[in-house]
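Encoded as structure tokens, the structure appears first; notes follow it.
In what follows, every chain begins at residue 1, and chains take the letters A, B, ... in the order their sequences are listed. Bear in mind that the values here come from a model prediction, so they are computed numbers and not experimental data.
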Protein chains: 2
Amino acid sequence: MNDESKSSRTRQRILDAAAACFSELGYAGVNLRRIATRAKMKAGSLYYYFDSKDELVEEVIRVGLETAVRATRRAVQVLGPDADPIVKLRAAIAAHLTTILAESDYASADLRILAQLPEPIRKRHMERQRQYGAFWSSLLQRAAASGRLRRDLNLSVVRMLLLGALNWSVEWYSPDGETPGEIAEHLSAMILDGLLAKFTLGARHADDTSSGRREGKGKPRSARSARGRRTWRDRGS
Amino acid sequence: MNDESKSSRTRQRILDAAAACFSELGYAGVNLRRIATRAKMKAGSLYYYFDSKDELVEEVIRVGLETAVRATRRAVQVLGPDADPIVKLRAAIAAHLTTILAESDYASADLRILAQLPEPIRKRHMERQRQYGAFWSSLLQRAAASGRLRRDLNLSVVRMLLLGALNWSVEWYSPDGETPGEIAEHLSAMILDGLLAKFTLGARHADDTSSGRREGKGKPRSARSARGRRTWRDRGS
DNA sequence: GTCTATAATTCGATAGAC
DNA sequence: GTCTATCGAATTATAGAC
């Protein structure tokens with residue numbers, strides 16, 4: 001389906017330009033002239049490759065979702081089928097975050113514009129996303145089945161909140177601050193071990209008493225806190 | 001500043017209509033005709049109260065932010081200055097979530113449209129949001145100062161991720177599923193105590209061994225899981 | 001204050017030259 | 001394949017009657 005041939009790479013160039021534009025400016029802020037300019041063309045020429053703006057937009061978010069799916073699935077698969085389900089979860093979190101923050105304009109565009117899209121497009125896209133949601137559900141359910149998770153929480157709600165923390169990061173992330181990997185470590189630490197100190201009254205204790213924290217590629221640190229990270233959006237309300 | 005007098009309540013009616021429209025349809029999906037119709041007027045009449053669409057929009061998100069700020073601050077204040085900082089945090093989470101999901105079209109509109117707004121408006125609004133961000137920072141810092149929180153995490157990142165989980169809920173929440181209060185309890189449980197079972201190898205244990213979980217108004221339950229909550233958006237990528 | 005026009009602009013989309 | 005030129009629809013904003 002993907003010819004390397006000729007100038008159907010032009011089509012790719014247009015898609016790249018569109019993904020970048022949408023990722024930066026949202027949906028309402030981008031018109032076809034801007035996309036065309038970024039792709040080094042004139043607006044009218046786009047119609048040689050796409051029948052409508054909607055078709056172009058839908059392709060962008062379709063690729064964006066697929067990119068996130070691939071990256072996340074792969075990050076879990078390389079761990080092997082018998083890996084600790086908690087480790088798998090941490091890997092998925094890191095992969096998802098790295099993809100949407102640093103690797104794919106398509107994936108970040110998907111998140112930033114989906115809510116603004118015409119209803120038919122959104123409906124179709126949400127259908128596609130169910131598979132991805134199911135993938136996360138399965139990760140959580142396996143962790144639960146292994147007995148590693150507490151049993152008093154609704155995993156669907158957990159999944160929504162977890163993905164929310166991940167996805168909202170496209171609204172505040174800045175390359176000047178923590179890396180996506182560091183942010184992922186923070187989130188994993190937060191939701192797996194919790195923010196509360198483990199021995200509230202005890203003396204100083206070793207850093208990783210509880211479980212499942214040694215596996216991460218790096219530990220969350222307060223490092224970098226003091227430098228150029230007073231940034232952009234401290235997203236509030 | 002707020003005259004109860006005469007038909008400057010018309011102005012209020014317009015703002016209410018606008019907030020509801022923006023909350024439901026995003027920014028791009030709403031035109032002045034729709035807002036006017038909902039306010040039982042014609043589009044041209046809006047200009048008697050607002051000089052431009054931008055002015056109307058900015059007022060909506062300004063009120064939305066203020067509403068969230070007030071509700072959250074109040075929820076913390078009623079606990080008294082000497083309350084457990086963890087309890088304060090839980091109260092703020094519940095108040096923020098209830099406000100954006102159930103109580104204020106303004107607050108949810110703020111979250112849903114901010115990313116789509118013209119740059120000058122967004123810039124001004126982000127300035128206002130810093131105060132709210134500082135409020136959450138202070139909540140977290142007090143909890144940390146009390147020694148209740150682990151010390152290896154950057155609280156700024158924690159705050160962003162926490163607010164992200166909260167704010168993204170406007171994209172998937174449905175009144176048919178868990179209540180805002182139940183979702184808040186889930187999030188508090190997740191980020192404070194963590195998802196991991198406390199005694200990974202032990203026998204069944206009492207539900208609240210660790211700390212700070214008794215205070216919540218209700219416990220998260222898996223209840224309701226089986227019924228009408230297969231809903232809308234399982235927001236993925 | 002609210003209405004009915006309508007002006008002015010923007011933007012997606014098309015037509016046709018090259 | 002890409003361009004220029006332009007149409008047509010939608011939408012913000014204004015003018016003026018009532």
Side-chain angles (χ1 to χ4, degrees), chain A residues 2-61 109 112-113 116-122 124, chain B residues 2-22 24-61 109 112-113 116-122:
Chain A
N2 246 344
D3 290 343
E4 189 66 58
S5 70
K6 335 211 171 196
S7 47
S8 94
R9 254 174 311 181
T10 305
R11 191 186 139 97
Q12 192 61 38
R13 205 176 70 234
I14 294 170
L15 282 170
D16 287 348
C21 287
F22 287 132
S23 172
E24 294 169 9
L25 301 167
Y27 179 71
V30 175
N31 58 30
L32 291 179
R33 281 165 184 80
R34 181 182 289 269
I35 295 173
T37 300
R38 188 152 187 158
K40 290 167 186 165
M41 305 179 68
K42 300 293 176 167
S45 310
L46 298 177
Y47 286 85
Y48 183 82
Y49 299 92
F50 297 91
D51 287 341
S52 70
K53 183 186 184 183
D54 283 354
E55 192 185 305
L56 173 56
V57 165
E58 189 162 6
E59 179 78 359
V60 167
I61 60 174
R112 294 209 72 190
I113 70 182
Q116 320 169 31
L117 294 179
E119 196 53 33
I121 298 182
R122 231 185 47 195
R124 279 194 296 273
Chain B
N2 246 344
D3 291 344
E4 190 64 59
S5 69
K6 337 212 166 193
S7 49
S8 95
R9 255 174 309 181
T10 306
R11 192 187 139 97
Q12 192 61 37
R13 205 175 70 233
I14 295 170
L15 282 170
D16 287 349
C21 287
F22 288 132
E24 292 168 9
L25 300 167
Y27 179 69
V30 176
N31 59 31
L32 291 180
R33 270 180 260 290
R34 181 181 291 270
I35 294 173
T37 300
R38 188 151 186 160
K40 293 168 185 164
M41 306 177 68
K42 301 295 174 160
S45 309
L46 298 178
Y47 286 85
Y48 183 80
Y49 299 92
F50 297 93
D51 287 342
S52 70
K53 183 185 183 182
D54 282 355
E55 192 186 305
L56 173 56
V57 166
E58 189 162 5
E59 178 77 358
V60 167
I61 61 175
R112 294 209 73 188
I113 71 183
Q116 320 168 31
L117 295 179
E119 196 54 33
I121 298 182
R122 232 186 46 198

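Within residues 53-61 of chain A, no residue places a heavy atom under 4.0 Å from DNA chain D. Remark: A:Met41, A:Lys42 in residues 28-43 of chain A come within less than 4.0 Å of DNA chain D through at least one heavy atom. The stretch residues 13-26 of chain A has no heavy atom under 4.0 Å from DNA chain C, so no residue of it qualifies as close.
Rounding to the nearest 0.5 angstrom, the gap separating the CZ atom in B:Phe22 from the CD1 atom in B:Ile35 is 4.0 Å. Going from atom CZ of B:Arg33 over to atom OG1 of B:Thr37 covers 9.0 Å, rounded to the nearest 0.5 Å. Taking SG of B:Cys21 as the start and CG of B:Asp16 as the end, the distance is 11.0 Å to the nearest 0.5 Å. Rounding to the nearest 0.5 Å places CZ of A:Phe50 at 5.5 Å from CD1 of A:Ile14. A:Leu32 CG to A:Tyr47 OH: the interatomic distance, rounded to the nearest 0.5 Å, is 4.5 Å. One finds the OH atom of B:Tyr27 at 6.0 Å from the CD1 atom of B:Ile121 (value rounded to the nearest 0.5 Å).
Looking only at distances, no side-chain donor or acceptor of A:Arg122 sits under 3.5 Å from a matching main-chain atom of A:Leu117.
The shortest non-hydrogen separation linking A:Leu25 to A:Val30 is CB-CG2, 3.6 Å. Looking at every heavy atom in both residues, B:Ala109 comes nearest to B:Ala19 through CB-O, 3.7 Å. The nearest pair of heavy atoms linking B:Arg13 to B:Lys40 is NH2-O, 4.1 Å.
In this structure, B:Tyr49 and B:Glu59 have side chains that are not in contact, with every pair of non-hydrogen atoms separated by 4.5 Å or more.
For DNA chain D, each stem of at least three Watson-Crick or G-U pairs (distances under 3.5 Å) is given as range with range: C:1-18 with D:1-18.
The pair B:Glu24-B:Arg38 meets the salt-bridge criterion, since a charged nitrogen lies less than 4.0 angstrom from a carboxylate oxygen.
Open room surrounds CZ on B:Arg34; 12 or fewer heavy atoms of other groups in view lie less than 6.0 Å from it.
In 5' to 3' order, the nucleotides of DNA chain D bounding all contacts with chain B (an atom under 4.0 Å from a heavy atom) are D:dT11 to D:dT14.
Partners of A:Asp51 under the side chain to side chain contact (heavy atoms under 4.5 Å, CB included) rule, at least two apart in sequence or in another chain, are A:Glu55.
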